[in-house]
Amino acid sequence: MSYIGTYDGKIFHNPSNKFCIVIVKTADTSIPEKARDKRRYRDHLIRFTAVGYEIPMTDAVELELDGEWVNGKYGMQLQVEQWREIVPKTKEGVLSYLGSGLIKGIGEKTAAEIVAKFGTNTLDILENHPERLLEVRGITENKLEDIRTSYAESRMLRDIMTLLAPFKLTPKTALKIYQHFGPACMELLKKSPFELCRIPGFGFRRVDAIVRKTDNRPRDPMRIGGALHCTLDEAKGKQGHLFLERENLCKAAFKLLNEKIPLPEMRVRPEEVEKELDGMILSGSVVSMRDNIYHPAVFAQEDETASRIARLLAEERPPMKDISAVIETVRTELGLRTSGKQESAVRTAFLYNLSIITGSPGTGKTTVLKIILEVYRRLWPDNKIILMAPTGRASRRMAESTGFEGACTLHSGLGLVSEEDEGSRNRKKDGLDADMVIVDEFSMVDMWLAGKFFPALKKGAKIILVGDPDQLPSVGAGNVFRELIQCGLVPVTVLDEIFRQAKDSLIAHNARFIHDGNTKLYYGKDFQLLPCDSQEDAAAAIIERYCQEIESNGIEHVQILSPFRTEGAASSDHLNAAIREIVNPFQSTEDEVRIGPKTFRVGDRIMQTKNTDKVSNGDLGFIRYIDDTPDGKRIGLEFRENRSLEYSTEDLVNLDLAYATTIHKAMGSEYDIVLMPILKAHYIMLYRNLLYTGITRARKKVVLAGEKSVLFMAIHKNEISRRNTLLGERIRLYYRAYAKSAGIIVPEFPEEKLKAAG
């Protein structure tokens, strides 16, 4: 339904995604009683709350809001799906609209100049003849470009929403479409609406259902192409595949195309899918390499990364002098004893430009890094060293454990935000000007991030990658660390001896047993199993133990990890809600702030969920204060190492409660004490490397809640689906070419591997 009203006030606005909650006033008596503000106003108008994206926050225009009433946690609100401005056709109305700040480049003074020049024809000038604005005093070419861009973008969003009205589009989604396809998006979407499948949230099924209502041609080549693209995207997002084999791609697309077609004569035939795929290969919209089908951008990431790594491996290395004396001096001064494997890791790091160190907890990776860093500083005191990791917590842990302060996240070091924001928000960076680069937790690095990291390296730099390939693979597509290890060209040192300081730790021994598929675990003070049969029992046991542990050890040292985020009483979201009411119950409305469905209180333990310039995704902290100011609420946060930040309400969209979190979200982090449910209800997620990742997040104690039979099942369940990637084989292929040209003896690889690499 549509309602006409005027903006009356802002409750919330997030400038990054345009989401807002506003108060609207209206004389429309059809507003439901439950949605009306109960307070009385002198103008006798009705007030209600509207929720949507980029709703104009000015009373200079009337708003026509189209949407549905939704009964939410905070009462009935109008969920706005579309809106339009109604600008009064008077000089005063146009002046008020232009001076409202909605159009970048036009303030009150400039608005007055424009309206004085063009009067009520101003909006027609903006729409059809914007170049005439140069006739107005003070408007330069640069200022005109700002005005033109801002006005065109707002009109483009409205046009997109009109074109795609059957999709019930929000302005936020329209903005995503505009940013993805650019100014030509209207023409593109009219010709090929299945291009929408490239936008998150627009799956093939959603687009297909709408398109077929007006153009029911199920065997249209455009529809078949949309299904093929969608199948590749789903394989990348859900299974982590960089490509699909041609036969599997065609089978999956064929099934997708026909699942909603009841009449056999209307169904797509296999040969039609094959024909369309051939056309897409010829046009370059997909890449075929030995019948492995990639999106072009994904193929370029894998190919360029393989080439860079091969060049790094084939680089000529200067003769290495004997460093035995320096290693011995450093070892003595630091009071460290090393095994043969540890010493080999140190020497390998200096002998090669690229090397890998792996090992489970307690095997002495930190000792090796300490020695490498100190030896390097003594040999090349003027050279630059940088330590990096995928998460902020992992980079700070490196700095703490090695005593070396130069640590940062890969994203901040490379000037990145995320793959989704690539092109619009990533900061340009000249590269890594470092002579030695050490990256920890490299198993978390996906192909996109690897594709940014390796090209940024300085020629001749020494690169040491550290990680544990038996943990969960990267969240993003690809399996970079495992491919590097298995390609057979990168020197790898596996640390497999548990050292004295970890020998009494049941966590280290049990991690090794789980890695080997051995269910004969040790139980004791630092590795416990609380018997529980159901999610409810496990949740109750975990909550009780959590309260005991934080009382004894402090809340910052205890973390709950769950396989699931939202499903069941033992999921992280449900545990967060239950625990918060115990350890940080409601005190007053002044100490609480709401944003959408989330509520935060002073004293809450929180986690940052997005990288910014000042804080990293995964960082943990606490809310210390909530203040009301003339500019809105200000929320004081304290992260680890006494890092204090102040957020606006809008910034809270990037926070979650963090009494509990998922095992996937905890990758790259460590906690003194970990509590974790192990239940039949989590069967679909329970497998060996998830369990291994969860317990190896703990330094001092692991407490599991569940059944031994389920624990044993998880240890035996090593059904990790293979991720389709040819990175390792392509590294071999490129290495053979580069090494031969440099006169390096090339190892012989099986011919079938080279063929697979293309």
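This structure is a prediction, so every number in the text was calculated from the model and none was measured.
For Phe513 and Tyr522, the ring centers sit closer than 6.0 Å to each other.
Under the rule for a side-chain contact (heavy atoms from CB on, under 4.5 Å), the partners of Thr566 that lie at least two apart in sequence or sit in another chain are Asp573. With sequence neighbours excluded, no residue forms a ring pair (Phe, Tyr, Trp, His ring centres under 6.0 Å) with Phe712. With sequence neighbours left out, the ring pair (Phe, Tyr, Trp, His ring centres under 6.0 Å) criterion links His682 to Phe564.
Between Lys680 and Asp533, no side-chain nitrogen of the basic residue sits less than 4.0 Å from a carboxylate oxygen of the acidic one, so the salt-bridge criterion is not met. Using a cutoff of 4.0 Å between basic side-chain nitrogens and carboxylate oxygens, Asp656 and Lys665 are not scored as salt-bridged. Under 4.0 Å is where a charged nitrogen must lie from a carboxylate oxygen, and between Asp619 and Arg396 at least one such pair does. In summary, Lys384 and Asp435 do not engage in a salt bridge, as defined by a charged side-chain N under 4.0 Å from a carboxylate O. Salt bridge status for Glu497 with Lys341: absent, with no side-chain N to carboxylate O gap under 4.0 Å. A salt bridge links Asp433 to Lys458: at least one charged side-chain nitrogen sits closer than 4.0 Å to a carboxylate oxygen. Ion pairing between a basic and an acidic side chain is recognised when a charged N comes within 4.0 Å of a carboxylate O; Lys370 and Glu374 show no such pairing. Look at Arg347 and Glu343 and you find a salt bridge, because one of the NZ, NE, NH1 or NH2 atoms lies within 4.0 Å of a carboxylate O, short of that distance. Salt bridge absent: Glu729 and Arg732 never bring a charged side-chain N and a carboxylate O closer than 4.0 Å.
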Hey, mind stepping through Arg378 and Glu333 against salt bridge (charged side-chain N to carboxylate O under 4.0 Å, His left out) and telling me if it holds?
CA-CA 13 Å; Arg378 296 194 184 199; Glu333 290 182 4; 2.3 Å; yes
Quick one, Lys701 with Asp526, criterion salt bridge (charged side-chain N to carboxylate O under 4.0 Å, His left out). Give me CA distance, side-chain angles, the key distance, then yes/no.
CA-CA 4 Å; Lys701 185 190 292 185; Asp526 62 345; over 6 Å; no
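Side chain to side chain, Arg545 and Gln528 meet the donor-acceptor criterion of an N or O pair below 3.5 Å. Between the side chains of Tyr523 and Asn510, no donor-acceptor pair is found at a separation under 3.5 Å.
When Arg697, Arg605, Glu549 are each tested for a side chain to side chain donor-acceptor pair (under 3.5 Å) with Gln559, only one passes: Arg605.
Using a 30° and 60° split on the angle between ring planes, Phe442 and Phe454 fall in the perpendicular class, above 60°.
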